[in-house]
Structures are given as structure tokens and as C-alpha cells.
Colleague: 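Questions regarding the structure given below will be posed in turn.
All chains are named by letter (A, B, ...) in the order of the sequence lines, taking the proteins before the strands, and each is independently numbered beginning at 1.
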Amino acid sequence: MTLLIQYTLIFASVLILVALGGCISEHSGVINLGLEGIMVIGALGGALVMKFFKTDSSFLMILLVVLAAIVMGMLFSALLGVACINFKADQTIIGTAMNMLSVAGATVFVKAINTAADPNDVSSTIQYNGPKKMFIERIGNFEFNWFMVITLVVLGLVCLFLYKTKYGLRLQACGEHPQAADSVGINVYKMRWMGVLMSGALGGLGGICYILAGVSEWKFETGVAGFGFLALAVMIFGQWKPYRIALVALLFGMFRALSNVYIGFDFLYNLKIPSSVYNMMPYIVSLIVLALSSKHSHAPKAEGIPYDKGQR
Amino acid sequence: MKKLLKNDGVQTFLASLLCIILGMLIGYIVLLFINPAGAGKAIMDIMRNFFNFSNPLMQLKRFGNTVAKTMPLLLCSLSILFSYKVGLFNIGVAGQYCIGVCASLYAALAWHWNWFFCMTFAIVAGAFAGMLVGLLKSLFNVNEVISGIMLNWIILYFTNMTLNKVKEVASPYTLYIDQVNPGAFLPNAGLDKLFNNNQYITIAVPIALVVTIAVYVVLNKTKLGYELRATGLNAKAAKYCGMAEKKNMILSLVISGALAGLGASLLYQTGYMRWECTSASVPAMGFNGIATAFLGGLNPIGAIFSSYFIQHITDGGSYVDKSMYCSQISDLISSIIIYLCGFVFFMKYAFNKVLNKKKEPVNNANAKTDKGGEN
């Protein structure tokens, strides 16, 4: 049972971080379908720090890993920003291209590093067994992960930012009616850039959190198994509101956790359901949930439409 | 000359060419970063693909392999462009392709069906998966990209689970079709002779080409195609004119799914590949279809050339020097090309701006430099 709670909390943390990233970006008017790719690149940044940086201070380690993930995520999200804000490209195509680019790029990069270190090693795996322990505090059977705290802090900050600060409110205006926002002197391009970069930072953070969730090595060829898109489903079901996103993420996190730990429950194990069914569960649930919640959506009105100053 | 340059098709072709050149260039720079010594040779190896063999007969045979794999890619890209014309981005094509694999292999290996029925079953399965996305979109307003991705993962696990029943005992791969049910192979119809007896060249090639032309005709010359395109340009206006925009959306996704399912059967029923029942992601074929659809300028005829090109460099990736680089470098190049395809609209815009500038006599000095840059 503790194992279920532990996995639920950590997967929910990932979903909250990434979904909040998507939420900020969409509030500014840009649909960020590249979140999946941003997660991969953020995870790569964090994993590289864990591989090459040696320290005994767990605080320093956590700080550096988190920073690396954030910076890498932001850099990668700039690809979306340039294309979709400045060049008015199709946000769906660019997002999809970013997802493919991230997996291919990370694979090529990690393989190059591995092969350079050992010519016989052609895997795309990075191991981080030692540094991983620094993120975890054991409380009895429960493995407390520092990312749970980080997530809570981020959740609070995003709430504050979106609803209580000048910039947050302006950013939301750009997603609802950019022409109106522009008419009162808000720089729409700047606000959208801010939204995209923040989503990049949160996506990268979510990515490193995801690969630290259960395993102590990561094969970058596999990407992040559709988690970026699950986060988007969480965001839609959460109606683009941070606190609702957090609640929904807990639910989704639980279904994802079940596929990891169902063997530990005798009654579930005795049902003899193949493990594939448990693997499908989060996706099936999200489809059902989306079907129920998309009809009356409170999506930002101008999302997905490139801003054109001359348009009436 | 100017008239030719103003032609939309010519502009699309030039823009695609630019995407390819830039994509290759960036790929080359990445190779330089990894290991400067072999970068030039590696990029040439990728471009040469089967020409890396010196024996012409061997080249012909390998050329056949690339052609055989181009056919499913062509169908995936048709699938993408068909739904894109209706304004839907069917990223679920990867899953629809995957369920096509599942259906055709299961029918062939477990039920010992004849090739034609296996193929039909794959088409039906793909169409069904496409229909699910269409229904979710039109009835519940679910974003087709997100539902498509969710279905991709569901279908992947379903395929692994189902094909697990017809797999070899000792390996994670499915049984060989020729050992269990040779009747499920697509007939060669003598086409294999053209490619130095390459047994993977089957009637898949003519089927794919006929389907391509059919898609072109349906989209451009029929009432249905007109309605589909109208819905894509402005769904509300189409509805106002009395077109059933919801029905059109579902129908386009059903056809799109059917194309992807057919694509799967055209590859897996040649025996070229077997399914690995521990696969951790859906086949890349569907995603590469996105690249080819946009690279081909969203035109079915263009898709033939772009699919061949993408498959050519994907296969070429396996010839790079493994001690320095990995074969995924060609995936990287094709994803960079897709990213750049996002800029095609802007490129055309800039292109037209330059062309229109030439007309004005005031900018004569500018026009001269522009001309020099272009030719």
C-alpha cells in the first residue's frame, strides 16, 4: 500500500509539473504539443549532470540537476517559440517535430557519448544509481522524493503567478484575445515567449522527475512513453486551472502507479489480468475522461492561432 | 521564368528542396560535433544507401528492399495528408498502422487466412481505429492529436498482448509466415524478377501506386473530395453550405485509418519484418509518414517522391560507420526536415514578397541583387 502511495505521488508530481507547463503556455495562446520532447531533453540535461558531476552534497546535486533540466527544457522550447510565435508556423506540426527531434537527438547524443567512452557500448542508456539516492529520503518503507516538495512549491508559485501578478494576468489576456491585449499596450509576442519558456522550464523539470521516479537508469530511445500527452489530458480535464490540475493528476498518477505495483496486491494479482492491460489503463482512463470533459471546455479562446498584428 | 516561379506547385517543390538541404546540412553539423573525422563520409553513406555495394546486382536487390519499405511509408503519408485536408492532424496513424500489423499477422498466423483476407482485415482494423478518433472528435470535441496519441499506446500494448499468442517460443518475435501459412504472402506476380529476384517485391508496389492515384482523384476530382477540402478550409462555412461537417470528419479519419492499415499489411505480408512482442513504442513508420506528407507538399503525387527519399536516407542510416555514429542519425535528419517543413508557409510568403518586389521599377537595384541570389 505504501508503495502504491509512493508511486502515485511521484507520478502525480510529474503530471502536475508538465501539465502546469502546458497550462501556462496555453494561457498565453500557444498549444505546446512538444511537451513530450521537452521532457526528454530536460531529462537528458539532468541525467548528464548526474553522470558527470560528482559531489557528496545532496543539496548541491539536487540544485544542479534541477537547474540543468530547467535550462535544457527552456532551450528546447525556444524551438517552439521561434517557429510558432515569430514565424507563425503550424503549432501542431512543430510540436510533433520537436517530439521526434528530441528522441532522435537524445539517442544520437547519448550513443555518441557511450561509444566514445567504450567502443563496444552502443546502448542509449545513462545510469545514475548513486546520485539517484540523493533525491530520496527513507521514512520507514516510504521513499520520500524531494521532487514532491518541489512540485508543491511550483504549484503554489504558478497559482500566484497566474492569478495574482500583473504578468500572469497579462499573459492570460494574450491567450483570450491578443488583439485586445495589444490595443492596451501589452506586447503579445513577449508574453507568448514568456509562456513558452516557462512551459519549457516546467516540462524539463517534469522530465527529470519522471526518469527518477522508479528506475536508476534510462534508455533514451524510448522517450517518455506518452507522458507529455497524458499531462495535456490532465490539463484539459483540469480545465486549465492549476488546483484542479493537481487533483486530476493524483487520479491519473494512481492509475499509472497501479501498472508498476499491482503485483503487490493479492486480489489484483489473482485476477490474472495481463500486465499489458494495466499498462493501457492510464491511457484508456484519459480517453474516457477527455470524452467526458472536452464538450464544455474552458480553453483559452485564442490558443493555437498565431498572432498576426494586422488581423481584424 | 517568372510565371513558373509564381506557380504554387513549383514553390512548394523549391521549399521542400530547401528543407531537405537545410536538414542535411544540420545533420552534417551534428556529425561534425560527434566526430569530425568521418562526418563527410557518413553523410555520403546515408545519401548513397544501396550504392554502397559495388556489385550492380546487389545494388538492384537492395534497391528493391528500399522500394518494398517505401510502400507502407507512402500509405502512411497518404493517410496523414488525407485527414490533414479536412483540417485534422491524424497523429494516430502510427497506432492505426500498428493495429494493421496486429490484424494482418494474427489473421495470417493464428487463423491461416489467405493473403487477400488478411489484407482486408488489416484495412478494417485500421479504419476502426481511425473511426474511434473521428467519433471522439466529432461527438465529444476531443483534440484528435491527444486522443490519437492515447490510442497509439493502447494499441501498442494490445498488439503486444495479441501477437504474443503467435510468437516463437525462444524469441520475442512472431512466427515466420512462410513456415506457418505461405498463402498469406502477397503474390509476387513476376515483379520480383525486375529486382534481381528480390522476394519482397510483390503486388504491394502496384497496389500502393494505384491507391495513391485514387486518393489524388478522390480529393481533387470528386464531390466528396471537394466537401472534405471545404470542411478543412472552414468547417463553419462548410456547415453553413449544408455539408455534413461531422460526417466528413469521421469519414476522412476512417479512410485515413484504412490507408494506414493497408500500409501495414503491405509490409508485413511480404515477410520483410516480424513483430517484436516486447516493443516499447509504436513503429516509427507512422511518424515518418508525417515527414513525408509535409515534405511532399501535402500532394499525393509528391508523397511518392518524398516517401522514397525519406526511406532512402532511413535505410542509408544503417551504412554509417558504427564505430563513430549510430543509425538513428537519419531519424534525426528526418525530424529536422519535419521541423523545417513548419516554415514552408513562411518561405512561400517571403518568396512571393521578393517576386512581387521585382515588378516595381523603384526597387530596380534591389531586384538585381535578388535575381542574382535566386538563380
Side-chain angles (χ1 to χ4, degrees), chain A residues 31 33 36 79 83-84 86-105 107-109 111-113 115-116 119 122 124 219 221-223 225-226 228-230 232-233 236 274-280 282-284 286-287 290-297 299, chain B residues 30-31 33-35 89 91 132 135-137 139-162 164 280-281 284 287-288 290-291 294 322-326 328-347 349:
Chain A
I31 299 183
L33 284 175
E36 176 113 351
L79 283 180
C84 297
N86 299 90
F87 286 95
K88 303 184 177 66
D90 185 307
Q91 299 176 0
T92 316
I93 304 173
I94 295 294
T96 310
M98 282 169 67
N99 294 336
M100 298 170 67
L101 194 59
S102 66
V103 177
T107 309
V108 167
F109 188 69
K111 279 192 175 180
I113 291 180
T115 316
V122 288
S124 62
K219 194 176 165 202
E221 252 167 286
T222 53
F229 288 96
L230 272 182
L232 286 175
I236 293 170
S275 66
S276 293
V277 175
Y278 287 99
N279 286 330
M280 283 183 214
Y283 308 103
I284 295 177
S286 78
L287 268 187
L290 282 171
L292 295 177
S293 64
S294 294
K295 193 103 193 179
H296 305 285
S297 94
Chain B
V30 171
L31 287 174
F33 268 103
I34 296 175
N35 191 338
F89 189 62
I91 201 171
L132 280 181
L135 286 176
L136 282 166
K137 173 79 184 176
L139 297 183
F140 300 108
N141 190 27
V142 179
N143 183 323
E144 77 279 7
V145 174
I146 297 177
S147 63
I149 294 278
M150 298 297 154
L151 275 172
N152 283 355
W153 288 98
I154 296 172
I155 289 171
L156 170 69
Y157 291 121
F158 178 81
T159 305
N160 279 345
M161 194 167 74
T162 311
N164 211 19
S281 58
F287 297 118
N288 282 341
I290 301 170
F294 286 103
K322 293 290 184 329
S323 64
M324 288 188 258
Y325 312 109
C326 62
Q328 274 87 356
I329 192 76
S330 43
D331 294 346
L332 186 69
I333 293 175
S334 44
S335 55
I336 293 170
I337 292 175
I338 307 185
Y339 180 78
L340 293 171
C341 282
F343 291 84
V344 165
F345 179 72
F346 178 80
M347 287 179 198
Y349 170 77

Colleague: Relative to chain B, which of A/T115, A/I94, A/L290, A/L287 shows the most heavy atom pairs under 4.5 Å?
Modeller: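 With the most close heavy-atom pairs to chain B, the winner is A/L287.
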Colleague: If only atom types and distance count, is the side chain of B/Y339 paired as donor or acceptor with the main-chain N or O of A/L79 below 3.5 Å?
Modeller: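 The answer is yes, because a donor-acceptor pair under 3.5 Å joins these two groups.
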Colleague: Go through the atoms of B/I329 and report whether side chain, backbone, both or neither lie under 4.5 Å from a heavy atom of chain A.
Modeller: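 Looking at B/I329, backbone and side chain both touch chain A.
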Colleague: Mind checking the CZ-CD spacing from A/F109 to B/Q328? Nearest 0.5 Å is all I need.
Modeller: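 The distance works out to 15.0 Å.
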Colleague: At a heavy-atom separation under 4.5 Å, does A/L292 approach chain B through its side chain, its backbone, both, or neither?
Modeller: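 No part of A/L292 comes within 4.5 Å of chain B.
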Colleague: Please tell me if the side chains of B/F346 and A/K88 come closer than 4.5 Å, counting only heavy atoms from C-beta onward.
Modeller: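 Contact flag for B/F346/A/K88 side chains = no.
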Colleague: For the side chain to side chain contact (heavy atoms under 4.5 Å, CB included) test, which of A/T96, A/T92, A/I31, A/L232 pairs with B/V145?
Modeller: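 Among A/T96, A/T92, A/I31, A/L232, the one that satisfies the side chain to side chain contact (heavy atoms under 4.5 Å, CB included) with B/V145 is A/T92.
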Colleague: From A/I284 CD1 over to B/I154 CD1, what is the distance, rounded to the nearest 0.5 angstrom?
Modeller: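 It comes to 4.5 Å.
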Colleague: Please classify the contact of B/S147 with chain A as side chain, backbone, both or neither, using a heavy-atom distance under 4.5 Å.
Modeller: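 For B/S147, heavy atoms of backbone and side chain both lie under 4.5 Å from chain A.
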Colleague: Looking only at heavy atoms and a cut-off of under 4.5 Å, which of A/A291, A/S293, A/A89, A/C84 has the most pairs with chain B?
Modeller: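 Most pairs with chain B among the choices: A/A291.
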Colleague: Tell me, side chain or backbone of A/I236 under 4.5 Å from chain B's heavy atoms, or both, or neither?
Modeller: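 When you check distances to chain B, only side chain atoms of A/I236 fall under 4.5 Å.
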Colleague: Please classify the contact between A/A116 and chain B as side chain, backbone, both or neither, with a heavy-atom cut-off of under 4.5 Å.
Modeller: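 Neither the backbone nor the side chain of A/A116 comes within 4.5 Å of chain B.
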Colleague: What part of B/L136 is in contact with chain A, defined as an atom under 4.5 angstrom from a non-hydrogen atom: side chain, backbone, both or neither?
Modeller: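 Side chain only.
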Colleague: Take a 6.0 Å sphere around OH of B/Y157 and say whether it holds more than 12 heavy atoms from other residues, nucleotides or ligands.
Modeller: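 It does: B/Y157 OH has more than 12 such atoms within range.
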Colleague: Report the distance from atom OG of B/S335 to atom CE of A/M100, rounding to the nearest 0.5 Å.
Modeller: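 It is 6.0 Å, given to the nearest 0.5 Å.
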Colleague: What's the shortest heavy-atom distance between B/I34 and A/A112, and which atoms?
Modeller: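 Result for this residue pair: CG2-CB, 3.6 Å.
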Colleague: Evaluate B/I149 against A/E36 for side-chain contact (heavy atoms from CB on, under 4.5 Å), listing each step before the verdict.
Modeller: CA-CA 11 Å; B/I149 294 278; A/E36 176 113 351; 5.8 Å; no
Colleague: Is A/Q91 in contact with chain B via its backbone, its side chain, both, or neither, using a 4.5 Å heavy-atom distance?
Modeller: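 Neither part.
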Colleague: Anything under 30° is parallel, anything over 60° is perpendicular, the rest tilted; go ahead and classify B/W153 against A/Y283.
Modeller: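 Geometry flag for A/Y283 against B/W153: parallel rings.
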Colleague: Rounded to the nearest 0.5 Å, what separates atom CD1 in B/I337 from atom CG in A/L101?
Modeller: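 These two atoms lie 11.5 Å from each other.
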Colleague: Hey, could you give me the CZ/CZ distance between A/F87 and B/F343, rounded to the nearest 0.5 Å?
Modeller: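 Rounded to the nearest 0.5 Å, the CZ-CZ separation comes out at 6.0 Å.
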Colleague: Do A/V108 and B/C326 have side chains that get closer than 4.5 Å, going by heavy atoms?
Modeller: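 They are in side-chain contact.
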Colleague: Might you point out which heavy atoms bring B/I146 and A/A233 nearest each other, and give the distance in Å?
Modeller: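 Closest heavy-atom pair between B/I146 and A/A233: CG2-CB, 4.4 Å.
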Colleague: Rounded to the nearest 0.5 Å, what separates atom CE in A/M280 from atom CG in B/L156?
Modeller: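 Taking CE in A/M280 and CG in B/L156, the distance rounds to 9.0 Å.
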Colleague: With chain A as the partner, which of B/Y349, B/F33, B/F140, B/F89 has the greatest number of non-hydrogen pairs under 4.5 Å?
Modeller: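 Heavy-atom pairs under 4.5 Å are most numerous for B/F140.
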Colleague: With a 4.5 angstrom heavy-atom cut-off, could you sort out which part of B/I333 is near chain A: side chain, backbone, both or neither?
Modeller: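 No part of B/I333 comes within 4.5 Å of chain A.
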